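Read the structure below first, then the notes.
The basis for the numbers below is simple: all heavy atoms, side chains too, and nothing from hydrogens, waters or symmetry mates. Quick caveat, the model's predicted, so the values are computed rather than measured. So you know, we letter chains A, B, ... as the sequences are listed, proteins then strands, and number each from 1.
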Amino acid sequence: MTQDANEIKQIIARCLQGDQTGYAALYDQFGAGVYRLCYSLLLNREDAEDIAQETFVYAFKNLHRYKPELASFKTWLYTIAICRCRNLYRRNRPILIDLSTLLQNTLPAPTADTPEAAMARRSAQDALEKALASLSPRLREAIVLRYGHGLTYREMAEVMGCPQKTAESRVRLAHDALRGRLQPIGQGLLEELLSF
Amino acid sequence: MQFAACNHCRSHLIGYINRELTPAARRRVAEHLDSCPACYSVYLRKRDAAHELANGLTLIGRSDAPQLGDIWNAVQSGMAGPRRRPWQFQKQHSLVVLLLIIGLLLPWSFTQRQVVLAVPVPPTPRDTQITQHTPSSTGFVALEPAATAAAPSTANPGGTMTPRVESNYAPLPGANGELNDLPNY
Ligand SMILES: [Zn+2]
């Protein structure tokens, strides 16, 4: 068990003993990641906030069920979040937002960027987010977990509830699908990204 | 042979870049990359692309402190109040239970009705006094066969059919006794 995992285990033990600051510590560590995961999958700010909240409430109320020997806490949280995101997909709510507008509102350009670089970055992000929206939920999960959150294929398999080989093939399929979507945009960088 | 080696190398490049291969597999890919300029070129492109994709995807959905604070407040409210999802589940669950109960009660109520109809009403108990009556003590007159046979002919001169009078059915009132002497049933 790594140092981080030991630390998380101790925080969880504190929570289970009734130490309320433990919950805040867990949220500090994982809140941003869970929200980002939810947003990347749902591409809707309100939905992502709701699901992130539900994920933590469920996790905190069921903390005694978490088994550190079976999965990392991050993987466990992500499993809960993905499960709730899937419930939302099943309600057949299409992604109706204008992603580029949203992206411009939510992604401040790094201050070191020149205006041209900021525009190029924004354009690339815009294209990437639109492409994500065009993917099927399962492929979106795969590419987001792999590249957005750096999960290994084994962790992805745990979170997505599928064999490891399926997780790998979903990432490859997502690459193929994204390449088709992004070529008309003519982003050299993104074409490179999708040359796997 | 070189074609197969290149295929093997390229199919393992993502694992190599992400450091997910076993030491043996990793060494095999590395050795091929050192000897094959074409695969090394592909490796460089994929490595940069993976980094760029990771950077791009980590920017999507990045939240700021106020937003995370709002979510944390909602989490705390959720911890304090009733959980939404389990409540929805309970509602659905209770509906199913209610339907099951109705489904079970309906045939049962029919069965109950049949049972009620089948059971006879028990007789109301009442006090009875059984006494031994003899013709001499009560003044009853035992009907003689001759008297029974003669009765219809006197009541119906025309000879129409009349119900047969049972010999032990009823006493002849006034024949030789009083009605007051009848047992009070
Ligand atoms: Zn080669």
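- Here the CD1-CD1 distance, from B:Ile71 to A:Ile51, works out to 11.0 Å after rounding to the nearest 0.5 Å.
- Separating the CG atom in A:Leu43 from the CD1 atom in B:Ile60 is a distance of 7.5 Å, to the nearest 0.5 Å.
- When all heavy atoms are compared, the tightest approach of B:Leu57 to A:Leu132 is CD2-CD1, 3.7 Å.
- Atoms CE and NZ, from B:Met79 and A:Lys61 in turn, are 7.0 Å apart once rounded to the nearest 0.5 Å.
- Near-neighbour residues of residues 153-163 of chain A relative to chain B, defined by a heavy atom under 4.5 Å from a heavy atom of that chain, comprise A:Tyr153.
- Residue A:Ala48 does not touch chain B at all, counting heavy-atom pairs closer than 4.5 Å.
- Using non-hydrogen atoms only and a strict 4.5 Å limit, the part of residues 12-26 of chain A facing chain B consists of A:Tyr23, A:Ala24.
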B:Thr58 and A:Arg36: CA distance, side-chain angles, deciding distance, side-chain contact (heavy atoms from CB on, under 4.5 Å) verdict: CA-CA 8 Å; B:Thr58 50; A:Arg36 196 160 56 77; 3.9 Å; yes
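- Around CZ of B:Arg26, the count of heavy atoms belonging to other residues, nucleotides or ligands within 6.0 Å exceeds 12.
- Distance alone, capped at 3.5 Å, is enough to place a donor-acceptor pair between the A:Gln53 side chain and the B:Ala74 backbone.
- Closest approach of A:Tyr35 to B:Ser63, counting heavy atoms only: CD2-CB, 3.5 Å.
- Contacts of A:Phe56 classified as ring-ring contact (aromatic ring centres under 6.0 Å, His included), with partners at least two apart in sequence or in another chain: A:Tyr27, A:Phe60.
- In terms of non-hydrogen atom pairs under 4.5 Å with chain A, the most contact-rich of B:Leu13, B:Val42, B:Val75, B:Asn73 is B:Val75.
- Here B:Arg10 pairs with nothing under the side chain to side chain donor-acceptor pair (under 3.5 Å) rule; sequence neighbours left out.
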